[in-house]
Asker: 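Please read through the structure below; I'll follow up with questions.
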Amino acid sequence: MKTYKTEQIRNVALIGNAGAGKTTLAEAMLYEGGILNRRGEVNSKNTASDYTDIEHDYENSVFSTLLYTEFNDKKINIIDTPGMKAFTGAVTSSLNMAETALCVINSGDGIGAGTESAMRIADKLSKPVIAVANGLDHENANFEKIMEEGKARFGGRLTVVQYPVNPGPEFNQVVDVLKMKMYQWGPDGGKPEIIDIPDSEKEKADALHNELVEKAAENDEALMEMYFDKGTLTEDEMRQGMKLGMKDGTLMPVFCVCAKKDMGVRRLIEFIINIVPTPNEVPVREEMKGKEVKMDESAPASMFVFKTSMESHIGEVTYFKVMSGKIAEGIDLINTTKSNKERLSQIFSVAGKNRTKVTEMAAGDLGATVKLKETKVNHTLSVKEADYKFAPIEFPKPLTMVAVKAVNESDDEKVGEVLHRLRDEDPSYIVNFSKELKQLIVEAQSEYHINVLKWFFDNEYKIEIEFKTPKVPYRETITKAAQSDYRHKKQSGGAGQFGEVHMIIEPYEEGMPDPKAFKIDGKEWVVSLRGTEEHKLPWGGKLVFCNCIVGGSIDARFHPAILKGIMEKMEEGPLTGSYARDIRVCIYDGKMHPVDSNEISFKLAGRQAFSAAFKKAGPKILEPVYNLDVYTPSDRMGDVMSDLQGRRTIIMGMGSEKGYEKISAKVPLKEMSNYTTSLNSLTGGRGWFTFEFDAYDKVPSDVQDDLLKAYEAEQSEE
Ligand SMILES: Nc1nc2c(ncn2[C@@H]2O[C@H](COP(=O)(O)OP(=O)(O)OP(=O)(O)O)[C@@H](O)[C@H]2O)c(=O)[nH]1
Ligand SMILES: [Mg+2]
C-alpha cells in the first residue's frame with residue numbers, strides 16, 4: 001500500500017441512530033474503493049466493521065471501528081461508531097479524530113434519539129456534518145418527513161443536495177441539485193447512469209438548486225456578489241461556498257443513499273473527496289504546553305492514541321492519529337504521559353478486521369500498531385526532541401453507578417482486573433474500589449452500558465458476577481452543643497491506665513467566632529481558648545480541635561492522643577458508622593494520674609467522651625445531593641416532572657434550551673438509581689441529563705429513622 005500525503009487523506013466519522021445503516025454504509029464505501037471484493041451484511045455477521053463477538057451477538061455496533069477506503073488516489077479513513085446511546089464514549093473519541101461527521105439517518109424511521117445525541121457531540125466539537133438519508137428502499141421511506149424533522153432538530157442548515165425520486169422498495173433514482181443531473185442505478189447499485197433531469201422533476205430540482213446556491217453563497221461576500229451578478233454559481237464556486245458553510249456550521253448538505261444496495265455511495269465518496277477538509281485544513285489539536293504543532297510531514301513525528309482493544313491472537317491493538325511528521329516502521333517514540341520509550345515495530349492501515357501492514361504514515365492519517373507497553377487512550381507518543389502532549393479527549397461524564405461483586409470470592413481480584421481492562425477500551429466507564437463503601441464501584445453511561453459489562457464476564461471471561469445497588473456515602477454531623485466527660489481507668493493488676501477528658505462539642509461553621517460560653521440544658525459553661533487546630537477531613541468538612549484546658553489538668557503531651565481518639569470516632573460515626581464532619585470540639589478539663597496516665601488512656605477517654613457527646617448533640621445523617629439538569633421534549637415535560645417529584649427533588653428552575661425544556665433540580669444521590677432507564681422510557685430516548693455533586697444535606701427524619709434501623713439490624717447480624 002502506498003503512503004498517502006496529508007493532502008490526500010480525509011477522516012470521517014459515521015454517526016447516527018442505531019440501525020441507521022452506518023456499518024452497512026461503511027461496508028459499501030470499502031467495496032466501492034476496492035478494499036472489499038464482496039459486501040458483507042450485518043445480519044450475516046460478515047462485515048468489515050462489527051467484527052467482534054459481542055457485536056455479532058447484539059447485531060449492533062458496540063465499539064468504534066477504524067476502516068479506510070481508497071478512491072481516486074485519496075485515502076478516506078472512516079470511523080464507524082455505535083448508535084446506541086450507551087456508547088456515547090466511542091462517538092466522542094471518534095469525532096475528536098475525524099475532521100468531518102457523516103450523520104446517517106434511517107429514512108424509514110426518522111431522525112431518532114441516538115442521532116440527536118451524536119449530533120450534540122458533533123456540534124460541541126464544531127465538526128462539519130454531512131447528512132446521509134439512508135434506507136430509501138424502505139417500505140415507509142419518507143424523505144420529506146426526515147427533512148422536516150431534521151430542520152426542527154438541527155435548524156435551517158439542513159440543505160438538499162440530493163433528493164430521491166422514487167423512495168420505497170423500487171428506489172433507484174436520485175436528483176442531484178448540485179450537479180443538476182439524475183443518478184439512476186440498476187438492481188445491484190454500484191456505478192450509476194448519469195442522465196438529464198426529466199421534465200417532471202425540473203421545477204422541483206430548479207427550486208432546490210436555487211436554495212442550495214443561495215446557501216452556498218451566503219458564507220462569502222465575493223460569492224454573494226457573483227451570485228447577484230450572474231444569478232447563479234459554477235459548480236466549483238458552489239463547492240467553495242459549501243465548504244465554508246459546512247465549516248461555519250451553517251450548511252449541512254443532504255445526500256441520498258441505499259447502503260444495502262450500494263446506491264449513491266460512490267457519489268457520496270466523491271463529494272467527501274472534493275469538499276471535506278483535509279487533516280491540515282483544520283486547527284491542530286491543542287498541545288498542553290502551548291507548543292505550536294504543525295500537521296506537516298516535515299515536522300517532528302508525533303501521534304495521539306484514541307482507542308485500544310484486545311484482539312484474539314494479537315493482544316492489545318493501539319489506534320492512533322499521526323499528529324505531525326511521519327512515522328515509520330521501527331521508530332522509537334516517547335510516551336509523554338508515562339515517560340517510557342515505545343517502539344512501533346509494525347504499523348497498519350486498518351479496515352476493521354483486515355489490517356494491512358504499511359512502512360510509514362504521514363501526518364493526519366489514522367492507523368494502528370501492536371505490542372506497546374504502557375500506552376493507553378489519550379496518550380501522546382512523540383519523538384524525544386518534540387516532547388508533545390496533546391489535549392486529552394473529554395469523555396462523557398458517567399450518569400449512573402453500580403457495585404460489582406464476584407459471585408465466588410476467589411474471583412474478586414480477577415473481576416477488578418477485567419473491569420480495568422474494559423475501562424481501558426471504553427474510558428467512559430470509571431472503575432474504583434471505594435474504601436469508604438467497601439465496594440467495587442463502576443460508573444457508566446446507563447444501566448444498559450452496565451449490562452454490557454456482564455456480557456463480557458459471561459461470554460469472554462466466564463466469571464460469574466453480580467450487580468448491587470451501591471451504598472450511599474452518608475455523613476454524620478450534629479445540630480447543637482453538648483457536653484460530656486469520660487474517665488478511662490484500669491487499675492487491676494500490672495501497669496494501670498488512667499485518663500479523664502471533659503469536652504463540649506458543637507456544630508462547626510466556616511467563620512464562626514471563637515468559643516467563649518455555652519448554655520447546654522440550662523447550664524452555663526465558660527471556656528477560655530488557648531489554641532485551635534483545624535483539620536480538613538479527607539472525606540469533606542472539618543474537625544476543629546480547641547484547647548481550653550485550665551490549669552494544666554491534662555499535659556500537652558496527651559493532646560494528640562485525645563485528638564486521635566476523636567478522629568477514630570469521626571471515621572466511623574456513632575450513628576451509622578459513616579464519616580462524621582463539621583464539628584468543633586473544646587476540651588476544657590480532665591485529670592491525670594501521676595503513674596498510670598499514658599497515651600492509650602487519653603485516646604480511649606477522648607473517643608468515649610466524643611461518642612457520648614455526639615449522641616446528645618442532635619446528631620443527623622447527611623446525604624450527598626446532586627445538581628441535576630434534565631432536558632426533555634416539551635410534550636413529555638409533565639411525566640418527567642412527576643417522576644422527579646417522586647425522587648425527593650427540589651426544583652430550582654425551568655427554561656427552554658435548543659428546542660428542549662430544561663428542568664434544574666437538586667436531587668439526593670440515593671434517588672437517582674435507574675434514572676437513565678426511567679428518563680429514556682419517559683421520553684422515548686430523547687431526554688438527557690447532566691448531574692454533578694453539589695453538597696451534603698440533612699436527610700428527612702423518616703429517612704434517618706429508616707437508616708438507623710437498617711444499621712442496627714446490620715450490626716446485630718454481624
Ligand atoms: N433496506 C435497507 N436496509 C438497510 C440499509 N442499510 C442498512 N440496512 C439494514 O439495517 C440494519 C442495521 O444496519 P447497520 O448498518 O447495522 O446500522 P448501524 O447504523 O450500524 O447500527 P448501530 O451499529 O446499531 O448503530 C441491518 O440489518 C442492515 O442490513 C438500506 O439502505 N436499506
Ligand atoms: Mg453499526
Side-chain angles (χ1 to χ4, degrees), residues 12-32 36 38-67 78-92 94-95 101-119 121 131-143 146 162 164 166-174 185 187-190 255-268 352-353 445 448-449 452 685:
V12 301
L14 303 180
I15 61 169
N17 222 34
K22 300 177 293 297
T23 300
T24 309
L25 176 61
E27 192 78 0
M29 289 173 82
L30 267 59
Y31 175 76
E32 278 296 328
L36 299 174
R38 63 185 286 267
R39 279 179 291 130
E41 287 203 16
V42 173
N43 315 10
S44 310
K45 311 184 198 305
N46 59 354
T47 45
S49 181
D50 282 17
Y51 61 90
T52 62
D53 290 343
I54 185 170
E55 291 173 313
H56 288 166
D57 197 11
Y58 281 24
E59 290 190 8
N60 281 103
S61 304
V62 169
F63 305 106
S64 61
T65 304
L66 175 62
L67 309 123
I78 303 159
I79 314 180
D80 179 26
T81 71
M84 276 192 284
K85 259 166 101 181
F87 308 118
T88 310
V91 178
T92 305
S94 307
L95 282 170
L102 256 56
C103 177
V104 183
I105 298 162
N106 183 325
S107 305
D109 292 350
I111 299 294
T115 308
E116 282 183 272
S117 143
M119 278 294 291
I121 305 170
V132 182
N134 180 41
L136 286 158
D137 61 329
H138 280 302
E139 197 85 39
N140 49 348
N142 188 338
F143 185 74
I146 61 166
Q162 297 181 332
N166 54 349
E170 304 300 318
F171 168 77
N172 73 334
Q173 291 172 330
V174 157
W185 292 271
D188 296 327
F255 283 77
C256 292
V257 303
C258 171
K260 196 167 182 168
K261 296 183 186 158
D262 186 22
M263 294 175 179
V265 178
R266 180 176 295 214
R267 167 78 179 106
L268 178 65
K353 64 183 167 192
Q445 291 303 304
Y448 189 97
H449 197 208
V452 172

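Counting starts at 1 for both ligands and their atoms, following the listed order.
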Asker: Assess whether a salt bridge exists between Lys261 and Asp137, defined as any Lys/Arg side-chain N lying under 4.0 Å from an Asp/Glu carboxylate O.
Answerer: yes
Asker: Measuring from the heavy atoms of Asn17, does anything fall under 4.0 Å of ligand 1?
Answerer: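 Heavy atoms of Asn17 do come under 4.0 Å of ligand 1.
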Asker: Taking salt bridge (charged side-chain N to carboxylate O under 4.0 Å, His left out) as the definition, give me every residue that meets it alongside Lys353, ordered by chain and number, with sequence neighbours left out.
Answerer: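 With neighbours one apart ignored, the set is empty.
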Asker: List-wise, which protein N, O or S atoms are found short of 2.8 Å from the Mg ion (ligand 2)?
Answerer: Thr23 OG1, Ser61 OG
Asker: Considering only the protein, which heavy-atom contact is closest to atom 16 (O) of ligand 1, and what is its distance?
Answerer: Val42 CG2, 3.2 Å
Asker: Take atom OH of Tyr31 as the centre, draw a 6.0 Å sphere, and report whether it contains more than 12 heavy atoms from other residues, nucleotides or ligands.
Answerer: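 Not more than 12 within 6.0 Å, no.
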Asker: Is there a donor-acceptor pair closer than 3.5 Å between any side-chain N or O of Lys22 and the backbone N or O of Ile79?
Answerer: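 Checked: no pair found.
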Asker: Among protein heavy atoms, which sits nearest to atom 24 (O) of ligand 1, and what does the distance come to when rounded to 0.1 Å?
Answerer: Asn60 ND2, 2.5 Å
Asker: Measure the distance from atom 26 (C) of ligand 1 to every protein heavy atom, then report the residue, atom name and distance (to 0.1 Å) of the closest one.
Answerer: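 Result: Asn43 OD1, 3.7 Å.
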Asker: Please confirm whether His138 comes under 4.0 Å of ligand 1, counting heavy atoms of the residue only.
Answerer: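 Heavy atoms of His138 do come under 4.0 Å of ligand 1.
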Asker: Would you mind listing every salt bridge (Lys or Arg N to Asp or Glu O under 4.0 Å) that reaches into residues 101-118, with sequence neighbours excluded?
Answerer: Glu116-Arg153, Glu116-Arg686
Asker: Atom 28 (C) of ligand 1: which protein heavy atom is closest, and how many Å away?
Answerer: Thr24 OG1, 3.6 Å
Asker: Can you sort out the partners of Phe255 under ring pair (Phe, Tyr, Trp, His ring centres under 6.0 Å), two or more places apart, ordered by chain and number?
Answerer: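 Listed in chain order: Phe271.
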Asker: Please identify which atoms of ligand 1 are closer than 4.0 Å to at least one heavy atom of Ala259.
Answerer: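 So the answer, numbered in order with elements, is 31 (O).
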Asker: Only heavy atoms of Gly19, strictly under 4.0 Å: list the atoms of ligand 1 that pass.
Answerer: 12 (C), 17 (O), 18 (P), 19 (O), 21 (O), 22 (P), 24 (O), 25 (O)
Asker: Just checking, any donor-acceptor pair under 3.5 angstrom between side chains of Thr81 and Ser94?
Answerer: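 Absent: no donor and acceptor within the cut-off.
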Asker: Nearest heavy atom to atom 2 (C) of ligand 1 wins, so pick from Leu25, Asp137, Asp50, Leu136.
Answerer: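 Closest candidate by heavy-atom distance is Asp137.
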Asker: Counting non-hydrogen protein atoms only, what is the nearest one to atom 17 (O) of ligand 1? Give residue, atom name and distance.
Answerer: Gly21 N, 3.0 Å
Asker: Starting from atom 5 (C) of ligand 1, what is the nearest protein heavy atom, named by residue and atom, and what distance separates them?
Answerer: Lys260 CB, 3.6 Å
Asker: Hey, is the main chain of Gly189 close enough, under 3.5 Å, to the side chain of Asp262 for a donor-acceptor pair?
Answerer: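 Side chain of Asp262 to backbone of Gly189, a donor-acceptor pair under 3.5 Å: no, none is there.
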Asker: Under the 3.5 angstrom rule, does the side chain of Glu27 hit a backbone N or O of Gly40 as a donor-acceptor pair?
Answerer: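 Present.
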Asker: Apply side-chain hydrogen bond (donor to acceptor under 3.5 Å, both in side chains) to residues Asp80 and Thr65 and explain how you reach the verdict.
Answerer: CA-CA 5 Å; Asp80 179 26; Thr65 304; 5.1 Å; no
Asker: Among all protein heavy atoms, pick out the one at the shortest distance from atom 6 (N) of ligand 1; state its residue, atom name and that distance to 0.1 Å.
Answerer: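 Sorting protein heavy atoms by distance from atom 6 (N) of ligand 1 puts Asn134 ND2, 3.1 Å first.
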